[in-house]
Structure formats: structure tokens, C-alpha cells
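The chains referred to below are lettered A, B, ... by the order of the sequence lines, with proteins before strands, and numbering in each begins at 1.
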Amino acid sequence: MQRCCRVIVSQPAVLRPHKGNHAASRFCTAGFELPEWFRNPKKDGDSFDGDDHDKFVLPIKSDPVEERSHGGSSKPLSLRPEAASHEDAEFEADFDEASRILTSCFASPEAIVIAMDCCPVRVSDRMVDKILRRFGSDWVAAFGFFMWAGAQEGYCHSADSYNSMVDILGKFKQFDLMWGLITQMDEIGGLVSLATMTKVMRRLAGASRWSDAIDAFNKMDRFGVVKDTTAMNVLLDTLCKERSVKRARGAFQELRGSVPPDESSFNTLVHGWCKARMMNEARDTMKEMEEHGFKPSVITYTSLIEAYCMEKDFQTAYAILNEMRSKGCPPNVITYTIVMHALGKDGRTQEALDIFDKVRRDGCAPDASFYNSLIYILGRAGRLEDANSVVDKMSSTGVPPTVATFNTLISAACDHSQAENALKMLVRMEEQSCKPDIKTYTPLLKLCCKRQWIKVLRFLICHMFRKDITPDFSTYTLLVTWLCRNGKPAQSCLFLEEMVLKGFTPKKETFDLVVEKLDKANLHSAKKKVQLLTLRAAAVKV
DNA sequence: TGAAGTTTAA
């Protein structure tokens, strides 16, 4: 078992929110306005880069730039909108306190339990849910809190909380701990459900432990979860999505005697073959499907079309579209989205836009994903104005923009160096109560690294934290590598440290790059630190 | 997150 995987090293304050939350408040006001220094980066000699070349920490006491932009008012900015009620205020205060403790560095979940014992935080389902969401990328913190909460008098974890925790442990490959939790859920009685086992199977397969995923399916009736068609389909889908369609077929052949397949079982397999570009097998499965009395549906054909689109074989894709129409199984928005998107990606912009007319001719209503794809294509083609006007069209046709809409626009703006427009989009999201996700920030973070806008970067990370979004593995990798490549090895190093502390294992190339750049910059002590981290990360991996 | 589609990214 791998409990004490974290080591105590000095905490890089890259994401340190304690005191932290309050530091965040200076950046992230309730209404979220762009700071003055962002709008006028060069004013008063202030640049995006700003200060803090090596000390890349959140401002704790005061930030003159921020104060200036708010008229130097001494009133501290509030962290969040006024709490709706007294209970809400108490909840938020407790949440901040728990969050503060969890953000300190602990060697093990047990150490967190001890630390938490000294604090008077009130536990509730809501609290556990929010903590697990915020610390979903820090399994030691999440699990420590979870254990502590479970031991509080008068409180029992809900099945949902258990499931979230199972998922987090699985995400970090803490499979022993994960199974321990499942046993606990089973002992309490009736808490293990298909939802739980779905997470288990997906995380195991995601870690390339396909046979363990199949074993998990096989033994799930021991926990009172029925091995029915729905459950089998989850297993098949998991194996297909996690790069093992052959194992999916194997499992299917073994199970079909005891579990009756349905239309989705076959569609799942067809899709699996298509994703693996094994078209003969896909066609064979379609035949088999018909022998079982299931006619191939829009879903089946759409999978085929997608595979041909990925191959850029648009001729065949068009031929299948016609075949579908003639067979009385007309394509739908999803089918068209796939074709349009692939055309756009291939640079065939006009042909892609023609699909829009086809959709209307076929009388099928565009949905948000379809529009999002259209926006993506326009953005890629540099037609940002047009892309923005699609959003207006969406709203006018009763299809509200989604996170992906904004993310696509932000990404397009960043790609065309329109940083301010991208940032304004964040404001628009806030205005429209559209919750950002990690994909919202990635292009912005990358742009900041490229431009060496350390201050904006810090601002964004703060903003993310307030939204309960923490960098994932690829975001950390992006931050580390792009900062390194752009002459900010010291800051890059801090993110690398943070990344390891959160339980992520950076790739060897990432370490090598940082060491190389630190060396070139004569930052020897930082280099030594990174070399130590490399060893520790390797130890964690075992 | 999951029987098909959109946004990040090396």
C-alpha cells in the first residue's frame, strides 16, 4: 500500500491559497472585473510581466496594482458575493478553514486527519462534496479529509461521496485504497452500485489494467450489483474507450451466453472497431448485429462515418450518408457535426459551411455542439467576427451557448493573439452564469507562458482556484514546459514542485527540460531541488 | 463522461 507517497518539502506557493483564499480575493472579486493593469498593461511602466521574477507567490498582504485599480480603497474586496443566509456564511467560513488546512503540505492522509481534528469545521454532505471537488487533483488531501469527515459523530458519508472518493483514488491509481473503500461501502451495506463499479472499471482500464477491469465486472455481484446488460455494456464501452476493443470483444463473447446483448452492446463494439480504424471488424459486427435482429441505426452508421472522416476519406463518408437516406435511416445533427468538423479540420472550410445549409434542408435543428463545431471551424479559419456572430445566432434561435462555446471562442482568440478578447470572454461567461472548466483556462495559461505574462498567469490561477478548478496533469505539464521554453525556468520549477506534491508524476522529458534550463540560467540550488524531486517522483511511481 | 458529435494538448 502506498500511503505515504508525499514528502514534506517546502511548499511552493504557486497555488497556495491559504491566507490564500484571501489573497485570491484581491484578484478575484465577486463581480470579476479585469484589473486595470490588464487593460492597460504598459501604463505607468507596468507590464504584464510585472514584478516577482523569481518569487512567484500569491500576494498576501497587499497588491499595489490591484489597490490602484480599485481606487486605493482600504476596504478588502469580498471573496464571494454576499452569502445568502447565516448558514451559508457559516458554511463558507468552514469551507475556507478546511481548505486552508488541506492546502498545507501533508505527508499522508493520516496526518491530515490529525490536523483536521483540531479544527471546528462542521461536516455535511455539501461540505464533503465541495471539498472533494476542489481537491479532486490532490488525493492525499481529499482522502485525508474524507477519512476525517467519516469519523465525525452524527455524520455518515452518502453513497455519492463514497463514489467521488473512489473515483479520485482510482484517478491516482491508489487501487488498494480504492478497494478498501469499496469493502467499507459493502460492509455498511447497499452502498456499492453500478455507478461505483463503473468508476472502478473505468479507472482500472484507464490505467491499462484491462484484465483487472474485467475481474471487477465479474466479481461485482458479490457487492450486490447485478451483472445485467447495462453493466456489461459499461464494461464493453470502458474497454473500447480505453484502447482495448479486442478485450471488449473477448469479454463480449464470454458473457453473451449469460447476459443478453442489446442494440447498444453492438453499437459500442462497432464504435470500438471504428475508433481503432478496424473497418472490417466493424462491418462484421454490424452483420452480427443484424443476425441478432437489431438493424444498424443512425448511431451505427455515424460511427462508420466518423472513422472514414478521420481517414479523410470523405468520398466514402458521403456515400454512407446517401446509403443512410436510401435505407430510411437519415443522418442527424450528430452525423452532420462529425462530417462538418472533419471537413473544417482538413481546411475545407467552405465545404464544411455548406453542411450548415444541408442541415437546414434536412430539417434537423442545429444544437449547441453543432454550433460549437461551426464556431471552431470559423475560428480556425481566422474568421473570429463570424465565429462571434454564430453565438448571437445561437441565442436568437433558443440554443444557449455552453461552456464549450466559450472555450472555443477563447481558444480561437488566444490562437490569434487576442488576449484581451479572450479575457473578456471570461467576463461574459461570468455574466451568463456559465461555469468555466479547465479547458477554459488552458489556452489562456499557455498564452501567458508564451508571452511571459507572469502577473496575468497568477491572476488566472487565482481565478481558477475560486472556481474550484485545479490544474490537472496536462495543465501542469503545459505550465512547466511553456514557462521553461520561454525563459522562466524559476517559475516553471515552482509548478513542477507543486505538480509532484499533488501526486502527479511528470514525464522524464519534463524533468529533463527543467533541469537543462535551470542549469543554463545558473540556478543551481533550484536545479538540485528538481533533481531531488525526480528521485522522489520515481519513488512514488513504484 | 461514457452506444455516435463540439472546446485544451505534446
So side chain to side chain donor-acceptor pair (under 3.5 Å) across residues 216-232 of chain A, not counting sequence neighbours, yields none
When you measure from every atom of DNA chain B, which of [range] have a heavy atom less than 4.0 Å away?
| range | result |
| --- | --- |
| residues 312-324 of chain A | none |
| residues 194-202 of chain A | R202(A) |
| residues 245-281 of chain A | E263(A), S264(A), N267(A), T268(A), H271(A), K275(A) |

Quick one: side chains of residues 366-375 of chain A, donor-acceptor pairs under 3.5 Å with protein atoms, not counting sequence neighbours, listed by atom name and distance.
unit_1  : atom_1 : unit_2  : atom_2 : d
D367(A) : OD1    : S369(A) : N      : 3.4
D367(A) : OD1    : F370(A) : N      : 3.0
N372(A) : OD1    : T405(A) : OG1    : 2.6
N372(A) : ND2    : A368(A) : O      : 3.3
N372(A) : ND2    : T402(A) : OG1    : 3.2
S373(A) : OG     : H341(A) : ND1    : 2.6

Hits for side chain to side chain donor-acceptor pair (under 3.5 Å) against T337(A), two or more places apart or cross-chain, chain-then-number order -> none
Is there any salt bridge (Lys or Arg N to Asp or Glu O under 4.0 Å) pair reaching into [range], and which pairs are they, with sequence neighbours excluded?
| range | value |
| --- | --- |
| residues 391-411 of chain A | none |
| residues 290-304 of chain A | none |
| residues 245-270 of chain A | R256(A)-E288(A) |

Can you give the donor-acceptor pairs under 3.5 Å from side chains of residues 272-282 of chain A to other protein atoms, not counting sequence neighbours?
unit_1  : atom_1 : unit_2  : atom_2 : d
W273(A) : NE1    : T285(A) : OG1    : 3.1
R277(A) : NH1    : E311(A) : OE2    : 2.8

Donor-acceptor list for residues 355-363 of chain A side chains, cut-off 3.5 Å, not counting sequence neighbours:
unit_1  : atom_1 : unit_2  : atom_2 : d
D357(A) : OD1    : R360(A) : NH2    : 2.9
D362(A) : OD2    : Y336(A) : OH     : 2.4

Is there a donor and acceptor pair, one atom on the side chain of D367(A) and one on the base of dG5(B), closer than 3.5 Å? yes
Polar atom pairs between nucleotides 8-10 of chain B and protein, under 3.5 Å, N or O only, would you list them?
unit_1  : atom_1 : unit_2  : atom_2 : d
dA10(B) : OP1    : W482(A) : NE1    : 3.2

